[in-house]
Amino acid sequence: MTLEPFGVRLRRAMDQRGPLCVGIDPHASLLADWGLSDDIDGLERFTRTVVEALADRVAVLKPQSAFFERFGSRGIAVLEQAVADSREAGALVLMDAKRGDIGSTMAAYAATYLDPASPLFSDAVTVSPYLGYGSLRPALDLARESGTGVFVLALTSNPEGAEVQHAVRADGASVAATMLDHLRAENADAAPMGSFGAVVGATLGGSLGAARAELDINGPLLAPGIGAQGATAADLPEVFGAAVHDVVPNVSRGVLRHGPDTAALRSSAERFADEVREAVSAVDPAAG
Ligand SMILES: O=C(O)c1cc(=O)[nH]c(=O)n1[C@@H]1O[C@H](COP(=O)(O)O)[C@@H](O)[C@H]1O
């Protein structure tokens, strides 16, 4: 079965479920707060609880691979199950793996997450372009073929990102703006939105500089940083301007800290989703 392009599926999910992405980040400290052991059983129970609470209602779930890799092959098995169960319940799965390597190795990462035959097959994956945007080509091509998506780190939510991402090339363009340019070209002619997204932190306030004018990539903008990193839904219009209509805000710890109670996880996700809806609806899509 061939999937519709990821951008089509994502826009539909955003319209139907609201644009929120909830991260599945089983930090050791969260396992402890939930009364779970820091072992494979704790990981499995934490993950199953989040998936059961949210996969039938949020647009996107974003498992953070690092927290599963930490437990070796049994952690990966929990991740595989979470991906399958989440997709089965109707959530799109964005695998947060932030892979990036030379093209020939990138092809193997692409096969891991974007080949429908893979046990970790996901709807989209995060990648790092800092070996050069062109090194991502195998992932971009496989995503196009398999109806999946790729999210490229452009302006990350952490303060250390600026030294790389705001660096200016000989032609005057910043590194981040260059990534956004590449993505715009990748998404050209796609409707209602392309499958190739950028990661732009919700924490960046007014500090995007010239890159803010480059956010119109005709693709999704994953915006982590709401909740534990200090940003709020109300910050989104200032950071993104009219591009806020393409933003998929991510909250991980801000929701997860309400577990293990299922109802509390759900109402927290609903609250964030309502706040995002309200902030986004206040922005005129035609505004600059
Ligand atoms: O790609 C990401 O998701 C990401 C990019 C970024 O710039 N900043 C960022 O925090 N993330 C991820 O988003 C999640 C944020 O988690 P919380 O701070 O708990 O909401 C983590 O899984 C991060 O790895």
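Remember, it's 1-based here, ligands and their atoms both numbered in the order they're listed. Keep in mind the model is a prediction, meaning the values are calculated, not measured.
Set against the non-hydrogen atoms of Lys98, the atoms of ligand 1 under 4.0 Å away are 1 (O), 2 (C), 3 (O), 4 (C), 5 (C), 11 (N), 12 (C), 24 (O). The distance from ligand 1 to the heavy atoms of Arg253 drops below 4.0 Å at these ligand atoms: 17 (P), 18 (O), 19 (O), 20 (O). Within the listing of ligand 1, atoms 6 (C), 7 (O), 8 (N), 9 (C), 10 (O) sit less than 4.0 angstrom from a heavy atom of Ser157. Residue-ligand proximity, Asn250 to ligand 1, at heavy-atom distances under 4.0 Å covers atoms 13 (O), 14 (C), 15 (C). Contact atoms of ligand 1 toward Gln64: 22 (O), 24 (O) (distance under 4.0 Å to a heavy atom of the residue). Close approach of ligand 1 to Val199 is summarised as follows: ligand atoms under 4.0 Å from at least one heavy atom of the residue are 5 (C), 7 (O).
The shortest side-chain heavy-atom distance between Val150 and Leu136 does not fall under the 4.5 Å cut-off. When side chains are defined from C-beta on, Leu153 counts as touching Pro129, because their heavy atoms get closer than 4.5 Å.
Atom 13 (O) of ligand 1 has Lys62 NZ, 3.2 Å as its closest protein atom, hydrogens excluded (heavy atom only). Of the protein's heavy atoms, Gln229 NE2, 2.8 Å lies nearest to atom 10 (O) of ligand 1.
For a threshold of 3.5 Å applied to N or O pairs, the pair formed by Thr126 and ligand 1 contains no separation below that value. Of the N or O atoms in His27, none lie within a sub-3.5 Å distance of an N or O in ligand 1.
Of all non-hydrogen atoms in Leu31 and Gly42, the two that sit nearest each other are CD2-O, 3.7 Å.
Between Asp25 and Arg253 no salt bridge is recorded (no basic side-chain N to carboxylate O distance below 4.0 Å).
A ring-ring contact (aromatic ring centres under 6.0 Å, His included) with His27 holds for exactly one of Trp34, Phe46, Phe67; it is Phe67.
Nearest-heavy-atom check against atom 21 (C) of ligand 1 across Thr156, Asp25, Ile24, Asp96 picks out Asp25.
With hydrogens and angles left out, the side-chain atoms of Gln229 and Ser157 include a donor and acceptor closer than 3.5 Å. A donor and an acceptor atom, one from each side chain of Gln165 and Thr156, are located under 3.5 Å apart.
For Asn250 (side chain) and Gly225 (main-chain N/O), no donor-acceptor pair under 3.5 Å exists by modelled atom type.
Residue contacts with ligand 1, taken as heavy atom pairs separated by less than 4.0 Å, involve Ser252 via backbone and side-chain atoms alike.
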